[in-house]
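Throughout, residue positions are numbered sequentially from 1 according to the sequence presented. Just so you know, these numbers use all the heavy atoms, side chains as well, and skip hydrogens, waters and symmetry mates. Counting starts at 1 for both ligands and their atoms, following the listed order.
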Amino acid sequence: MLVVMKKDASEADVARVCRAVSEMGLMPHPIPGQTRVAIGITGNLTPVDPQRLAMLPGVVDIIRVTKPYKLTSREMQPEDTVVRVNGVEIGGEGITVIAGPCSVESADQTIDTARIVKELGADMLRGGAYKPRSSPYSFQGLGPPGLKILERARRETNLPVVSEVMDVESFDLVEASVDVIQIGARNMQNYSLLRRAGRSPKPVLLKRGMSATLEEFLLAAEYIMAEGNRQVVLCERGIRAFSDYSRYTLDISIVPQIKKMSHLPIIVDPSHAVGRRDLVIPMARAAIAAGADGVIVEVHPNPACALSDGPQALTPPMFAELMDDLRTIAHAVRRGEKVAT
Ligand code: PEP
Ligand code: MN
């Protein structure tokens with residue numbers, strides 16, 4: 001349910017509605033819009049009787065939200081959410097490019113990569129200090145020293161840092177070091193982790209689970225938003241299908257579909273989707289052409305020596321080529337504002 005307030009409703013009117021909603025045993029979520037405030041209501045297991053709220057001063061309309069996800073839906077918030085991270089926007093006028101290694105391997109490797117991608121126009125640095133690996137014998141990430149390296153990379157380049165948190169136990173540590181908290185595909189339905197992320201003051205990059213439906217994806221975002229964190233960025237990273245030539249299958253059509261159903265920004269990770277560097281650039285181009293708000297790509301100065309995901313890492317010259325292509329495509333889809341350097 002969504003309570004739409006009049007354009008000239010006062011703060012006291014909004015507070016009165018929120019109080020009434022709480023008294024009904026439900027949760028009010030005030031959503032400021034460009035011209036008026038709306039108040040989302042969650043927590044009801046059966047339809048809410050709108051009469052009591054409709055009578056209150058300042059209320060203009062009450063809308064039933066038909067989807068199971070509420071706070072993530074366009075019905076609740078027609079305007080796009082723009083996530084802001086230290087001067088960088090995701091979901092605004094332009095597109096956002098997040099680039100960096102799969103894993104933080106050393107200070108030199110991370111800071112060299114950060115400098116290279118910054119020079120070539122990236123907006124943010126990615127790099128995992130905690131790595132979810134299929135094998136327990138593979139490199140698992142540097143852990144806390146890796147977070148310190150990311151902090152140094154941010155100090156030296158001024159790029160905001162995106163890094164993955166794998167569990168509730170390490171959440172505080174990751175949260176303190178990074179600018180955007182990544183929740184990986186394997187954790188998309190880890191509800192205690194999602195709830196913890198919902199209580200964080202930092203934006204969350206939520207990757208689609210490799211077998212998640214669109215509804216499950218949006219409901220995972222709903223877990224974060226229901227705890228109060230509105231700064232959620234969705235990320236399509238490929239799903240399991242029967243491809244025998246690529247790591248996963250990039251579901252590009254989810255981008256325009258999510259744009260219809262949700263106000264949240266959505267970016268695309270072509271690197272994990274295809275798992276081969278020769279396919280990353282074409283898929284990144286396709287993502288921006290399809291309306292994605294940005295891409296997150298893996299870049300390594302020497303992919304042959306990478307401790308994880310070397311085969312899908314772009315080399316610096318390939319990343320330069322990608323940035324050129326994205327500038328052209330962003331202009332073509334009228335998203336050229338920010339990426340033009
Ligand atoms: C990653 O971004 O390094 C990663 C492990 O991604 P995903 O969760 O999409 O597999
Ligand atoms: Mn990776």
Notebook entry, point to check: Are side-chain N/O atoms of Arg276 and Gln312 paired as donor and acceptor at under 3.5 Å?
Noted result: no
Next item on the list: Keeping waters out of it, list the protein N, O or S atoms under 2.8 Å from the Mn ion (ligand 2).
Entry: Cys102 SG, His272 NE2, Glu298 OE2, Asp309 OD2
Check: More than 12 heavy atoms of other residues, nucleotides or ligands under 6.0 Å from CD of Glu321: is that the case?
Finding: yes
Check: Within 45° of the six-membered ring axis of Tyr248 and under 6.0 Å from that ring's centre, is NZ or CZ of Arg240 located there?
Finding: no
Margin query: I'd like to check the side chain to side chain donor-acceptor pair (under 3.5 Å) partners of Arg36; sequence neighbours left out, ordered by chain and number.
Written below: none
Next item on the list: Can you sort out the partners of Arg154 under salt bridge (Lys or Arg N to Asp or Glu O under 4.0 Å), two or more places apart, ordered by chain and number?
Entry: Asp179
Next item on the list: For Ser138 and Ser134, indicate whether the former's side chain and the latter's backbone hold a donor-acceptor pair under 3.5 Å.
Entry: no
Note to self: I'd like the contact residues of ligand 1, where contact means a heavy atom below 4.0 Å.
What the structure shows: Arg126, Lys131, Pro132, Glu164, Gln182, Gly184, Ala185, Arg186, Lys207, Arg237, His272, Glu298
Check: Take atom NZ in Lys202; do more than 12 heavy atoms of anything else shown fall under 6.0 Å from it?
Finding: yes
Next item on the list: Taking atom types as modelled, find out whether His300 and Thr315 have a side-chain donor-acceptor pair closer than 3.5 angstrom.
Entry: no
Note to self: With a sphere of 6.0 Å drawn around CG of Asp80, does it hold more than 12 non-hydrogen atoms of other residues, nucleotides or ligands?
What the structure shows: yes
